[in-house]
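Report on the structure given below.
FYI, side chains are in, hydrogens and waters are out, and symmetry mates aren't considered; it's all heavy atoms of this structure.
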Amino acid sequence: MVRPVHRPGELPVTADASNPRTLLTTPERLVSVVVGLWMVVGLFLDGWAHDNAKPESFFTPWHGVLYSGFAASATAAILVAMRARSGVRPWPADLPAGHGLTLVALGVFAAGAVGDLVWHETLGIEVGVEALLSPTHLLLLAGGLAALSAPVRAAWWSDPFTPSFRSFAPTVLALALLTSLAGFFLLYMSPYVNDAAGAAFTRSPGVVHDHPSTD
């Protein structure tokens, strides 16, 4: 059995013997983190706009940041797939380990984006927590989580080794992005955003219940 050769502290260039595919390189994983951060910043800007009653439509600056980040992420992922093409094996077999899931996740995100456009144009803009948990937004969440996890999955596929800070940093940063994304979608349940856990539950007369902090 031929084992991959790599410098101490660097990712090996292939996975284990049962799946002799290449892995994302450290620069490729770092690019994944950068474009992922771009998307997450757009997401938090969109959340800020909802919470501060900014003009609502699909075509907003914060959506522009989010979806331009997605375009950059998709471009980077496609370039990785193109560089991996050997012309010897079937194209899926040439993809770095786990990269097929990344491409599928970006496709799911794209479907969610198109669905979100149709949803907003036909049904309008959601209010309160419904804006967070609409079907199209949950589809965007699923695609985003899987796409952002690419550096983590690359580290998971690698042989046991002692990483250098440089090679492991993208994995830690990707975990931070995944945590921030999960936190964004679960923030409305946090006891730190209101005092519901320590107060009696009373509905304010005449107030439409459109946000968890209304009551």
Applying the 4.5 Å side-chain criterion to the ILVMFWY set and letting contacts propagate, would [X] and [Y] be lumped into a single cluster?
X	Y	answer
Val41	Leu30	no
Leu145	Val108	no
Trp38	Trp62	yes
Val114	Phe70	no
Leu132	Leu138	yes

side-chain contact (heavy atoms from CB on, under 4.5 Å), that's the test. Do Phe184 and Leu141 meet it? Break it down for me. CA-CA 10 Å; Phe184 180 91; Leu141 169 63; over 6 Å; no
Where [X] and [Y] come nearest, the two heavy atoms and their spacing:
X	Y	answer
Ser167	Pro170	O-CD, 3.6 Å
Ser32	Ala150	OG-CB, 4.0 Å
Ala147	Ala105	N-CB, 3.6 Å
Ala81	Leu103	CB-CD1, 4.4 Å
Leu148	Ala174	O-CB, 3.8 Å
Gly144	Leu181	C-CD2, 4.0 Å

Atom pair OG1 (Thr102) and CG (Leu24), whose distance is rounded to the nearest 0.5 Å: 6.5 Å
Say you draw a straight line from CH2 of Trp156 to CG of Leu23; how long is it, rounded to the nearest 0.5 Å? 14.5 Å
May I have the step-by-step check of side-chain contact (heavy atoms from CB on, under 4.5 Å) for Ser73 and Leu106, ending in yes or no? CA-CA 8 Å; Ser73 182; Leu106 290 170; 3.7 Å; yes
Under 3.5 Å, is there a donor-acceptor pair between the side chain of [X] and the main chain of [Y]?
X	Y	answer
Arg153	Ala97	no
His99	Ala77	yes
Thr179	Leu175	yes
Arg29	Ala169	no
Thr60	His63	yes
Glu28	Thr25	yes

Could you list the residues that satisfy ring pair (Phe, Tyr, Trp, His ring centres under 6.0 Å) with His137, not counting sequence neighbours? His120
For Phe185, ring pair (Phe, Tyr, Trp, His ring centres under 6.0 Å) partners two or more places apart: none
Set of side chain to side chain contact (heavy atoms under 4.5 Å, CB included) partners for Thr136, sequence neighbours left out: Asp116, Trp119, Ser134
With side-chain contact (heavy atoms from CB on, under 4.5 Å) as the criterion, how do Leu95 and Thr22 come out once you've worked through the C-alpha distance, each side chain's angles and the decisive distance to 0.1 Å? CA-CA 7 Å; Leu95 293 176; Thr22 61; over 6 Å; no
Is there a side-chain contact (heavy atoms from CB on, under 4.5 Å) between Leu139 and Phe109? Walk through the geometry before answering. CA-CA 7 Å; Leu139 196 61; Phe109 192 96; over 6 Å; no
The single option from Leu66, Leu178, Val65, Leu177 that satisfies side-chain contact (heavy atoms from CB on, under 4.5 Å) with Val40 is Leu177
